[in-house]
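Data block below; observations after.
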Amino acid sequence: MDSTYDPQKIEAKWQARWAEQKLFESEVDSARKKYYVLEMLPYPSGDIHMGHVRNYTIGDALARYKWMRGLNVIHPIGWDAFGLPAENAAIKNQRHPSEFTFNHIDRMRGQLKRLGVSYDWRREIATCTPEYYRWNQWFFIRMFERGLAYRKKSRVNWCPSCATVLANEQVVNGCCWRHEETPVVEREIEQWFWKITAYAERLLEDMKELVQWPERVLSMQQNWIGKSVGAEIAFMVNEIEEPLRIFTTRVDTIFGCTAVYLAPDHPIVQKLISFSEDPEKLRREADRVKASAIHARVEVELEKLGVDTGFSARNPYNGENVPIWIANFVLAEYGTGAVMAVPAHDERDFEFSTTFGLPIRSVIAPVGAGFVPPKESTVINVPSEAFVEYGILFNSGPYNGLTSEIAIERMTRDAETRGFGKGTIQYRIKDWGISRQRYWGTPIPIVYCDACGMVPVRDQDLPVILPPDVKLTGQGQSPLASVPDFVNTRCPNCGGRARRETDTMDTFVDSSWYFYRYTSPHFSTAPIDTEAVKYWFPVDQYIGGIEHAILHLIYMRFFTKVMQDIGLVNFSEPVARLFTQGMVIKDGAKMSKSKGNVVDPKEMFAKYGADTVRLYTLFAAPPARDFDWSDSGIEGATRFLNRAYRLVAKHASTFPPGKADHPKDNRRPRWDLGQLSSEERRLIRKTHQTLRHVTEDLDGRWHFNTDVAMAMELVNDLSEMEESIEAGKVRPKILKNSLEYLVLMLSLFVPHMADELWEGLGHSEPALRAAWPAFDPEYAAEDELEIPVQVNGKLRGRILVTVAVGEDEIRERAQAEEKVAQAINGRQIVKIIVVPKKLVNIVVK
RNA sequence: GCGAAAGUGGCGGAAUUGGCAGACGCGCCAGACUUAGGAUCUGGUCCCGCAAGGGGUGGGGGUUCGAAUCCCCCCUUUCGCACCA
C-alpha cells in the first residue's frame, strides 16, 4: 500500500476489481432477506450533474450498509431514454434521436462507473428499446380492454410558428419557448387518455399505507387529487324549460342563492345566445368574458368579469327565480361548469356581487354568538364580508335552526327524494392524457379499420416498432403520420386495409413501471416475472427529487393498482419508503447552464477523485436539505481523506502481516475496560460512539453529514493520540480494531479508499463482504460525563458521573450515588433520581 | 389568499427524548517548516470585557430548577396550490 493517497490510481484499481468479482450482483434467494434500493432513473441528457451525484451517493451509502448488514440487496439503474430533447437535437442536427440517446447513455454510464456506484449493471434497461417499450404497448392494450384507455377531443397548446403541439412545460408566459413572440393557441384534437380518475379514491385511500413517505409529498398528492364531497342540484332555466346542474359543497347556503354563474365555455351558453332577444349583443359580451378568462391563464390575478344573460333559473328549494350570469372565474372543466352564487357565504361570490350590484342575502349565522335569527324571511342583510364558516341556518324555510352539517345531509337527501339533485363527489385530478404528437416515444398500439373501428394490435404482434427512417422537421403533426409503411397496415380483426395510430405515448408511461422490469430485465413472455417481483418487492427505499412529488409518483402508484387489478402483482403500493433529497445549488441558485453556475462532476473526478466528491456531497448538508456547493468546501473533504489515508496507512504498515479476514458475523473483540490504559479506553469509547452514531443514523435519521463529522472526530482523536501510540500505550490489537471499524464506516461513503485501506490492513476481500460491526453499548457510553445536580428541586451545580447507556442501570446509580454523596458532603440522602446523561435529582434531609 | 417547512457565528451546518449552544468543516488571524505557497503542520476564532464576569439561537410573552428545542402572538424566507364553488 502506498503511503500517500492517490485517488485516481486507487479508484481505477477497485472499480476494476469490483466488476471482476461481480460484487454488486444479486439473485433471488428465498433463504435470505432482501432489500431493494432504488434511485430515480436518469434522463440521458449527456453528462451526469451534481444532482445525480448526490442522489446516487445517498443510495450507494444505503445499499452498501444494507449489504454489510447481511441483506440480499438489489440496486439497479437504467435510462429514461425517450423524450423531447433528443428529438429536438435530432431535428436541429438532422440525425436520428437514437444516436444522441445511445451516445449519451454511453457517456453517462461511464461517469456513473467512474463514481463507483454499486449497481448491478446486468439489470440495466433503456426505455427506448423495443424489448422495453413493447410492454408499454402491452399495458396500453390491457388498459384499452378494461375501458381505462379512451379517446376524446381535447385541447392542446399549438405554436403557429413551429406548426406543432407543445407540452405544457414548453409554454412560457403564454408563448412558445422557441418563439417567445408567438402566442400559443389552443387547438382541439383527438387524444388518448387513461382513466386515472377511476382510481382517485384508491389513490387517496391507500395513502394510509404510505406511513414512511414524507408528509409533504402526501399532502401535495392529496391536493392534486382534490376530492370534494358535495351535491349536484338542478335549477330549471325558465325561458327554455331545461335543467341546469350546478355543483356545490355548501348546499346548506342555497336559500342565500341570488344568481347562477356559468363558465364561458359551458355548452348551454350557445343555446342561451340563440334564444336571446338580442343574440348579437349577448354573443359579443359572452366572448368578451371568455377572452378575459383565457387571458387569466397568463395573468396572475384576474379581475372578475361577467355578463347577465337575461335568462333566469328556478331554485328548486324555494321556487325563487334568480338571474343567470356568465362569469369569467367559473371553470368549465370542474364540476358541472355552473355554480350557484351565494354572496353572503362565499368570498368570490361576495366580490362579484358587490362589483355588479347583485343582492346579498345571509342565511347562516355563527354558532354560539347569541345570534337571534330574524323572523321575517324576506329580510336582506348587507354584511361587510362573506361568512364562510359552518353555522346555523336561518332564512331557509324548513331547514331553519339546523347546523350546516345536518342541513347538508338532510337537504341532499331531500334533493334525491324529490328528484332534482343528488350527493356527488368531485375530484380535481383529470384523466391522464398520454398522446404525444411526437416521434421519439412508444407507438400507441391501435389500428383504425373502416369496418371494425378501433382495434388493438394483438399481443403476439407486439412490439409495434418505431420506424427508423422518419424525416423529423418539427413541423406539423405526428411525424409517424408521414411514414406510409408504418401507417398502412392490416386490421388485426378482419384483415382489411387499416391505418395505425400515429401518436406516441407520454414518457411518464415509461417511468411508471420501470422498477418492476429491473427484477427481470430480459423476461420475454410478460412485462414482469411475477416470481422475481414477489421476492424483491416492495421497493424498500426510493430516493429522488421532490420535483416528482406529483406526476411520476402518482402515475407510478396508479400503474401498480392497475397491475394489481390485472393480477400481475398482489399488492397495491410499490414503494414502502420514499426519500426526497434537496437540490444542489450554487451561489444561491439552482445549478443551470443559463446561470453559468454549473459544477461538472467529470472535472471534479479528475481533480479530486470520486471519493472526495462523494464525501463532500454527503458532508456539506443533510440529504433532505438543499446543498449549496462551495469550491473551498470540497478542499476540506480532500484534506480529510489525505489525512485519514496517511494515518491508517502508516499504522497498517506496523501490524504483522497475515490472514486477518473480518468475521462474517458481527462478533467483536471484548476487553475489560478496567484493565485498559486510559488511552485505550478513550480510543475504544470514541470508536464505539462513532459506530453507534453511524449505525443509528443509517437505520433512520439520515443525517450523513453528522456521520462524516463523527468519522472526522475519530481521525482527529487518533492523530492527537499519536504520541501515546508510539509510546506503546495503546496495544496494536486495540489500535487495529479501531482502525478497522473506522475503515468499515468510511466504506459507506468513500468505498474506493476504504477498500484500499482494508486491503492494507490485511483483508483479502472488499469491505462490502465484511459484516457491519455491532457497537457495544458499554463501550459507547460517555466517559466521565458532567451532569447537572438538583438538590430538593434547586440546581446545585454539576458533577462528573460515569454513565453507561442501556443495560446496567444499577451500575449507573451506584456510581452516581457515591459521587453525589461526596458532592453534597455529609447530608443525608433520602432519594436519588438518575436520568442517564441528563439529570441527577437528589432529595436531602 | 390557502397549505407545508424553516429561521442558530462571516459561511455550510451540529446539539436522538427540554440538560455544557455553536460539534465537524469552510473562511479568517497568528506561528512553524519552506527559494516559494492556493502544500503541510501547530495554536486561536459567537459577542462585550484586561479580567472576574455578563449577554446570546428572527422579535415579544409564557411553562419549567433548566428552553434553540414545548405553548401563545408577531415578523421574515423558501416551497407547493393558487378563483376547484
Side-chain angles (χ1 to χ4, degrees), chain A residues 214-228 230-231 246-251 253 257 260-261 263 293 296 300-304 327-342 345-349 351-352 388 426-430 546-547 549-550 582-583 585 588 615-616 619-622 624-640 642-643 646 692-693 696-697 699-701 703 705-716 719 785-796 798 805 835-841:
Chain A
E215 197 54 50
R216 188 150 83 113
V217 172
L218 294 180
S219 75
M220 280 165 78
Q221 291 206 359
Q222 196 159 9
N223 214 320
W224 185 258
I225 295 167
K227 177 181 180 177
S228 36
I246 58 102
F247 174 75
T248 179
T249 55
R250 290 297 303 273
V251 69
T253 64
C257 169
V260 168
Y261 301 150
V300 189
E301 195 70 28
L302 169 69
E303 200 177 323
K304 288 192 171 41
N328 64 349
F329 64 94
V330 179
L331 304 170
E333 59 278 10
Y334 184 78
T336 60
V339 298
M340 66 174 188
V342 185
H345 304 291
D346 182 283
E347 278 168 16
R348 294 155 301 185
D349 297 346
E351 188 192 334
F352 192 86
V388 299
Q426 286 292 334
Y427 297 94
R428 193 180 308 189
I429 192 170
K430 292 182 208 143
I546 185 75
E547 65 272 20
I550 298 179
M583 284 187 310
I585 57 182
L615 187 84
Y616 176 59
F619 178 61
R625 273 210 231 173
D626 284 353
F627 151 39
D628 200 344
W629 182 276
S630 133
D631 290 330
S632 52
I634 194 171
E635 296 281 347
T638 199
R639 213 170 292 161
F640 166 72
N642 272 299
R643 254 164 23 90
R646 277 201 310 271
R692 179 180 67 196
H693 183 96
E696 289 175 351
D697 191 64
D699 282 340
R701 213 173 58 130
H703 285 195
N705 55 328
T706 64
D707 301 343
V708 175
M710 289 288 284
M712 287 173 169
E713 284 187 52
L714 177 56
V715 170
N716 290 349
S719 302
L785 192 73
E786 207 183 42
I787 287 183
V789 177
Q790 250 176 231
V791 180
N792 288 350
K794 290 250 165 77
L795 190 65
R796 278 282 180 273
R798 299 174 180 281
V805 174
V835 183
K837 260 186 94 174
K838 290 218 177 130
L839 179 70
V840 180
N841 213 336

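Only heavy atoms go into these numbers, but all of them, side chains included; no hydrogens, no water, no symmetry mates. Letters go in sequence order (proteins before strands), and every chain restarts at 1.
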- Query: Quantified in whole Å, what is the C1' atom distance between nucleotide B/rA23 and nucleotide B/rC70?
  - Reply: 24 Å
- Query: Tell me, what's RNA chain B's dot-bracket, Watson-Crick or G-U with both distances under 3.5 Å, | for other-strand, [ ] crossing?
  - Reply: (((((((..(((......[....)))((((((.......))))))(((....)))..(((((..]....))))))))))))....
- Task: Select base, sugar-phosphate, or nothing to describe what A/Asn716 touches, counting heavy atoms under 4.0 Å on all strands.
- Result: sugar-phosphate
- By salt bridge (Lys or Arg N to Asp or Glu O under 4.0 Å), which residues pair with A/Lys430, not counting sequence neighbours? none
- Assign A/Val330 to base, sugar-phosphate, or nothing according to its heavy-atom contacts below 4.0 angstrom with the strands shown. base
- Message: Strictly below 4.0 Å: does A/Arg639 bring a side-chain N or O up to OP1 or OP2 of B/rC26?
- Response: yes
- Would you mind reading off the distance between A/Gln221 atom CD and B/rG3 atom P, rounded to a whole angstrom? 20 Å
- What is the distance, rounded to the nearest whole Å, between atom NE2 of A/His345 and atom P of B/rA85? 17 Å
- On RNA chain B, nearest-nucleotide positions of A/Ile546 versus A/Gly335: which is more 5'? A/Ile546
- Task: Look at all strands and tell whether A/Thr248 reaches a base, only sugar-phosphate, or nothing, counting heavy atoms closer than 4.0 Å.
- Result: sugar-phosphate
- Among the candidates B/rA85, B/rG25, B/rG13, find the nucleotide nearest to the side-chain atoms of A/Phe329. B/rA85
- Item | Within residues 627-635 of chain A, residues whose heavy atoms come under 4.0 Å of RNA chain B | A/Ser632
- Item | Nearest-angstrom distance from the residue atom CG of A/Asp626 to P of B/rG80 | 11 Å
- Atom-pair distance (NE2 on A/His703; P on B/rC24), nearest Å: 19 Å
- Select base, sugar-phosphate, or nothing to describe what A/Gly636 touches, counting heavy atoms under 4.0 Å on all strands. sugar-phosphate
- Message: Looking at A/Glu696, I'd like to know if its CD atom is crowded, meaning that more than 12 non-hydrogen atoms belonging to other residues, nucleotides or ligands lie closer than 6.0 Å.
- Response: yes
- A/Arg428 has an atom CZ; how far is it from atom P of B/rC2, in whole Å? 15 Å
- Query: Please give, in whole Å, the distance from B/rA6 P to A/Arg216 CZ?
  - Reply: 10 Å
